[in-house]
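This report refers to the structure that appears directly beneath it.
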Amino acid sequence: MTITVLIDNVLPPNSHYLVAEHGLSFYIETENKKLLCDTGASGNFITNAKAMAIDIARCDFTFISHGHNDHCGGVSHFLKTITQQKVYMHNDIPCEQYYSSRREEKKNISCDNVIFKEHESRIKFINGTQQIDENIFAIQCNEDKFSKPYGNCFLTKSNGKKEILDDFKHELSLAFVTPKGLVIISPCSHNGVLNIIEECRKATGCRKIHAFIGGFHFIESEKCIAETEKFSKYILTHFPDTLFYTGHCTCDTSKDILSRRLKNITFFKTGTVIRI
Ligand SMILES: [Fe+2]
Ligand SMILES: [Fe+2]
């Protein structure tokens with residue numbers, strides 16, 4: 001299985017032919033499927049795919065992990081450029097607006113609702129955990145045994161009547177059942193990496209986690225050191241053999257701690273190719 005990071009916040013040195021942005025998009029190839037997971041914040045992921053000689057028109061489908069525009073901002077560009085494939089996403093996304101109050105000014109970080117009118121027939125809505133292809137599951141996380149990222153406290157959602165703290169029911173992860181164990185792709189992990197792992201285990205019946213790939217949503221804050229240390233400790237004792245790959249919303253302070261505490265962690269950037 002190969003996962004190529006089409007776009008991430010960080011551009012590695014000497015990658016002038018690629019662009020970075022605050023967003024995430026993966027191109028995934030399994031033995032018999034090709035798919036996209038998320039589309040970054042704009043059409044830049046399409047430009048990067050071309051630069052890396054990846055033909056996204058040949059994908060079987062596209063999967064959107066949640067309703068934040070750093071993950072679904074590129075969907076409208078994608079639907080206009082590529083005219084065939086279906087796009088999977090949670091069915092709460094067209095009914096909700098999402099906001100971030102992390103910076104001084106409150107920002108609307110929702111997906112562009114025009115896509116639901118213009119490309120209605122191409123969007124397939126998912127209402128909870130379901131198998132979407134052979135050995136590929138979309139997982140909605142209802143597990144809350146472990147703490148969720150501190151950064152969630154700046155994020156709200158509104159159904160037009162009432163604005164509440166986001167509970168991230170609109171977030172879906174991908175779980176691939178492979179001979180080596182589960183491979184989990186969770187681009188922003190708002191439900192918490194450990195909760196998502198437990199939910200994927202329950203939903204698929206597969207206990208062994210071969211790899212976990214995605215942002216951990218550990219943002220620069222006064223809580224970041226404590227939450228990363230606690231997480232690292234748990235990983236050391238419970239998942240010493242699982243391969244972790246992170247970037248996007250895992251902040252530099254967290255990356256520094258994770259790199260010192262864990263051996264089984266790799267940091268991805270725009271253009272990284274992960275072979276597992
Ligand atoms: Fe997010
Ligand atoms: Fe994100």
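In listed order, ligands and their atoms are each counted from 1.
The N, O or S atom of H68 lying closest to the Fe ion (ligand 1) is ND1. Looking at D70 and the Fe ion (ligand 2) together, the shortest N, O or S contact belongs to OD2.
When distances to the Fe ion (ligand 1) are checked against a cut-off of 2.8 Å, C249 contributes no N, O or S atom below that limit. For the Fe ion (ligand 2), the N/O/S atoms of H71 include one lying under 2.8 Å. Taking 2.8 Å as the criterion, H248 counts as a coordinating residue of the Fe ion (ligand 2), since one of its N, O or S atoms falls below it.
Of the N and O atoms on the side chains of H170 and E96, not one donor lies less than 3.5 Å from an acceptor on the other residue.
Cluster annotation: I213 and F45 are assigned to distinct hydrophobic clusters (Ile/Leu/Val/Met/Phe/Trp/Tyr, side-chain heavy-atom contacts under 4.5 Å, transitive). Using a 4.5 Å cut-off between side-chain heavy atoms of Ile, Leu, Val, Met, Phe, Trp and Tyr, with links allowed through other members, I28 and L182 fall into different hydrophobic clusters.
With the Fe ion (ligand 1) as the vertex, atom NE2 of H190 and atom NE2 of H66 span an angle of 100° (nearest 10 degrees).
The aromatic rings of F125 and F116 are tilted relative to each other, their planes meeting at an angle between 30° and 60°.
Within the 4.5 Å cutoff, no side-chain heavy atoms of L194 are placed close to those of E143.
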